[in-house]
Amino acid sequence: MKIGLVGLPLSGKTTFFNLLTGAGAATSTYAGQRQSHIGVARVPDARVDFLSELFRPEKTTYAQIQVLDIPGLTRGGGAAEFAGPVRDADAIVVILRGFTNPAADISEEPCPVKDLDEVMAELIITDLAVIERRLERLQKGKKAGNALPGEEEVLKAAKEALERERPVISLGLSPEERLPLKNYGLYTDKPFLIVLNTHEEGLRGGCAPGQEELTAYANARNLPFLVVCAKLEEEIEQLPPEERADFLADLGVSEPGVARLARAAYAHLDLISYFTVGSDEVKAWTIRRGTTAKQAAGKIHSDLERGFIRAEVVSYEDMVREKSFARLKEKGLLRLEGKDYVVQDGDIMNFRFNV
Ligand SMILES: Nc1nc2c(ncn2[C@@H]2O[C@H](COP(=O)(O)OP(=O)(O)OP(=O)(O)O)[C@@H](O)[C@H]2O)c(=O)[nH]1
Ligand SMILES: [Mg+2]
């Protein structure tokens with residue numbers, strides 16, 4: 001999974017990027033700095049911890065999220081110029097400022113709903129330009145031969161939504177209807193998550209400036225919404241592991257920021273994890289809910305999908321209870337499933353294949 005962090009200048013994108021990835025990238029001290037970063041966030045998962053304890057593998061691999069951090073967008077500033085790398089992201093995370101920081105010359109009162117509207121407006125304008133250009137070409141007939149089935153209809157529907165200042169995703173298109181849009185890497189066609197980056201007291205008291213208004217706004221649009229204190233949480237991440245939990249609890253959060261974001265993103269994007277285990281490696285694999293055993297095997301290697309015979313499946317809960325494959329077998333809890341089996345969150349899978 002790949003996510004793109006977008007937001008107005010100095011909203012704390014790079015600070016949040018550092019919180020997610022531990023990359024320690026330099027943050028901005030004035031508006032107009034144009035730093036982009038790419039990094040990887042490890043998705044904490046207590047189930048992987050448990051399986052790793054149990055199997056003592058040489059290597060433990062958590063699920064990963066690739067994170068893109070781009071410069072701040074400004075109204076009319078041309079999202080296209082900076083946001084390009086985000087075009088192929090699976091989701092967009094909008095970082096909204098909920099703090100003031102006079103030291104960094106950020107003293108204006110936070111206004112997250114207004115900022116969100118501004119970011120959305122910029123992305124909408126950028127998408128609209130792409131669609132209008134394509135429609136023009138199609139209508140001139142120059143490239144009509146290249147039009148995909150249903151392309152013109154879906155482009156028109158998208159254009160109409162954007163003109164009403166609604167993101168393309170609000171159309172609720174089916175995967176088939178969306179297909180012709182794929183090549184354009186539209187921004188507003190992606191799922192959105194909202195992150196309010198607040199000051200310490202805001203996180204503790206649940207009353208960051210603008211939070212109430214933003215909550216209503218996000219709920220009305222069914223947008224997942226997270227509150228973080230990126231700067232402080234990032235500082236907490238620098239502490240020895242045994243000290244972190246206390247500081248987080250003091251802030252009023254139960255999990256690190258990366259875990260909260262991953263939880264929201266997995267739920268919103270309908271993602272689940274399955275696991276492979278062994279003495280060599282315990283590994284989490286990310287798939288969409290509804291993925292079949294055969295498709296899931298293809299995540300690991302195309303040979304496994306091509307030569308798929310059967311999957312041996314154990315549920316995570318059964319593994320926690322029985323703690324060994326031998327006992328699971330004895331109790332009939334090791335299942336053999338065929339190619340159409342729909343993989344469940346937490347399944348421990350072993351694929352039998354033949355190529
Ligand atoms: N007080 C406070 N300051 C923050 C917080 N998050 C970021 N900052 C500060 O705000 C300034 C900008 O942070 P960045 O993370 O660089 O913001 P950005 O959105 O990446 O900025 P651009 O990339 O230039 O658009 C830095 O001085 C940060 O230390 C926060 O949660 N609280
Ligand atoms: Mg930045």
Side-chain angles (χ1 to χ4, degrees), residues 3-39 41 66-86 89 92-112 114-116 118-123 126 187 192-211 214 225-239 244 247-248 250-253 256-258 260-261:
I3 60 170
L5 308 183
V6 304
L8 299 184
L10 303 177
S11 51
K13 296 176 295 300
T14 302
T15 309
F16 187 58
F17 170 84
N18 286 339
L19 170 64
L20 296 179
T21 62
T27 56
S28 294
T29 47
Y30 60 88
Q33 274 168 280
R34 294 182 177 176
Q35 290 295 325
S36 297
H37 307 96
I38 299 181
Q66 219 186 332
V67 189
L68 305 166
D69 170 37
I70 59 167
L73 303 179
T74 48
R75 189 189 285 278
E81 188 185 340
F82 306 125
V86 175
I92 286 184
V93 178
V94 185
I95 315 297
L96 301 170
R97 181 174 66 88
F99 63 90
T100 48
N101 187 340
D105 206 14
I106 309 167
S107 18
E108 212 181 304
E109 268 304 293
C111 208
K114 185 170 141 271
D115 292 355
L116 177 54
E118 202 160 313
V119 170
M120 290 302 286
E122 190 54 27
L123 297 177
T126 310
Y187 297 115
F192 280 81
L193 283 90
I194 309 298
V195 170
L196 178 61
N197 182 21
T198 180
H199 52 76
E200 183 179 340
E201 291 74 32
L203 194 56
R204 215 180 258 127
C207 59
Q211 181 170 347
L214 185 63
F225 164 44
L226 215 70
V227 185
V228 303
C229 179
K231 195 168 148 76
L232 193 66
E233 289 191 62
E234 205 240 327
E235 284 162 14
I236 293 174
E237 283 304 305
Q238 312 301 318
L239 299 171
R244 288 179 210 157
F247 279 93
L248 284 179
D250 185 48
L251 265 184
V253 296
V258 61
R260 289 167 9 243
L261 178 75

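Numbers here are sequence positions counted from 1. Both ligands and their constituent atoms are indexed starting at 1 by order of listing.
Panel note: side chain R97, backbone G12; no donor-acceptor pair is recorded below 3.5 Å.
In this structure, the separation between CZ on R244 and CG on L239 is 7.5 Å, given to the nearest 0.5 Å. E233 contributes atom CD, which lies 11.5 Å from atom OG1 of T15 (distance to the nearest 0.5 angstrom).
Atoms of ligand 1 found under 4.0 Å from any heavy atom of N101 (numbered from 1 in listed order, with element): 1 (N), 2 (C), 3 (N), 4 (C), 9 (C). Close approach of ligand 1 to I106 (heavy-atom distance below 4.0 Å) involves ligand atoms 10 (O), 11 (C). Set against the non-hydrogen atoms of Q33, the atoms of ligand 1 under 4.0 Å away are 24 (O). Short contacts between ligand 1 and G12, defined as distances under 4.0 Å to a heavy atom of the residue, involve ligand atoms 7 (C), 13 (O), 14 (P), 15 (O), 17 (O), 18 (P), 19 (O). Residue-ligand proximity, A230 to ligand 1, at heavy-atom distances under 4.0 Å covers atoms 31 (O). Residue G72 has at least one heavy-atom neighbour below 4.0 Å for each of these atoms of ligand 1: 25 (O).
Residue I194 is tested with I95, L226, L214 for a side chain to side chain contact (heavy atoms under 4.5 Å, CB included); the sole match is L214.
When heavy-atom distances to ligand 1 are checked against a 4.0 Å cut-off, T198 comes that close only through its backbone atoms N, CA, C and O. Using a 4.0 Å cut-off between heavy atoms, T15 contacts ligand 1 through both its backbone and its side chain. Both the backbone and the side chain of L10 come within 4.0 Å of ligand 1, counting heavy atoms alone.
Checking Y30, F16, F99, F17 against atom 2 (C) of ligand 1, the nearest heavy atom belongs to F99. Comparing S28, C229, S11 against atom 27 (O) of ligand 1, the shortest heavy-atom distance belongs to S28.
The nearest N, O or S atom of S28 is not closer to the Mg ion (ligand 2) than 2.8 Å.
Within the 4.0 Å heavy-atom shell around ligand 1 one finds N197.
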